[in-house]
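One structure is given below, encoded as structure tokens.
Note: hydrogens, waters and symmetry copies are ignored here, and every other heavy atom, side chains too, is used.
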Amino acid sequence: AAYSEAVQANPWLIDFPACLEAVTPVYAQEQLHLVDAEKRAIPLVSRDNLPWKLLSLSGGHPVTVFGEWTGKKLIPLSLFWEGRWLRL
């Protein structure tokens, strides 16, 4: 909803900051997603070793991820892990 409002206010908006809590990284069909408790999934922009880094740090458990939402995919920038933010 916040993204829709931001695009309405600025149609040229490229990326929108997003913090997603309690999401689990899941790699399926050659695509990394973040999945919430209600099984809703959003795709991630994958670069370098990001899928494996996110999967290994989360250990298959829910985490908090901060990134930029493009309207179609999330560009993950950092992960809250063991009480601190880690750059991805």
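- Under the 4.5 Å side-chain heavy-atom criterion for Ile, Leu, Val, Met, Phe, Trp and Tyr, L20 and L44 are members of the same hydrophobic cluster.
- Proximity of a side-chain donor or acceptor of E68 to a complementary backbone N or O of P76 within less than 3.5 Å is not detected.
- L86 contributes atom CG, which lies 10.5 Å from atom CG of L54 (distance to the nearest 0.5 angstrom).
- V23 and L55 fall within a single hydrophobic cluster, where Ile, Leu, Val, Met, Phe, Trp and Tyr are joined by side-chain heavy atoms under 4.5 Å apart, directly or via other members.
- The closest donor-acceptor contact from the side chain of D36 to the backbone of K39 lies under 3.5 Å.
- Residues I75 and L88 fall into different hydrophobic clusters, defined by Ile, Leu, Val, Met, Phe, Trp and Tyr side chains chained together at heavy-atom separations under 4.5 Å.
- Contact of the L34 side chain with the T24 side chain is not registered, since no non-hydrogen atoms from C-beta on lie closer than 4.5 Å.
- Residues F80 and W85 place their aromatic rings such that the two centres sit under 6.0 Å apart.
- Residues V45 and L74 form no side-chain contact, since every pair of their non-hydrogen atoms from C-beta on lies 4.5 Å or further apart.
- Taken from CD1 in I42 to NZ in K72, the straight-line distance is 14.5 Å, to the nearest 0.5 Å.
- We find the CZ-CG distance between R87 and L79 to be 14.0 Å, quoted to the nearest 0.5 Å.
- Under the 4.5 Å side-chain contact rule for hydrophobic residues, L50 and F66 do not share a cluster.
- Summarising the local packing, CD of E21 is surrounded by 12 or fewer heavy atoms from other residues, nucleotides or ligands at distances under 6.0 Å.
- Placement of V35 and W69 in two distinct hydrophobic clusters is found when ILVMFWY residues are connected by side-chain heavy-atom separations under 4.5 Å, directly or transitively.
- Nearest approach of F16 to A6, heavy atoms of both residues: CE1-CB, 3.5 Å.
- For the pair V63/P25, a side-chain contact is recorded, criterion being any heavy-atom separation below 4.5 Å from C-beta on.
- Taken to the nearest 0.5 Å, the CG atom of L32 stands 10.0 Å off from the NZ atom of K73.
- Considering NE2 of H61 and CH2 of W81, their distance stands at 12.0 Å, rounded to 0.5 Å.
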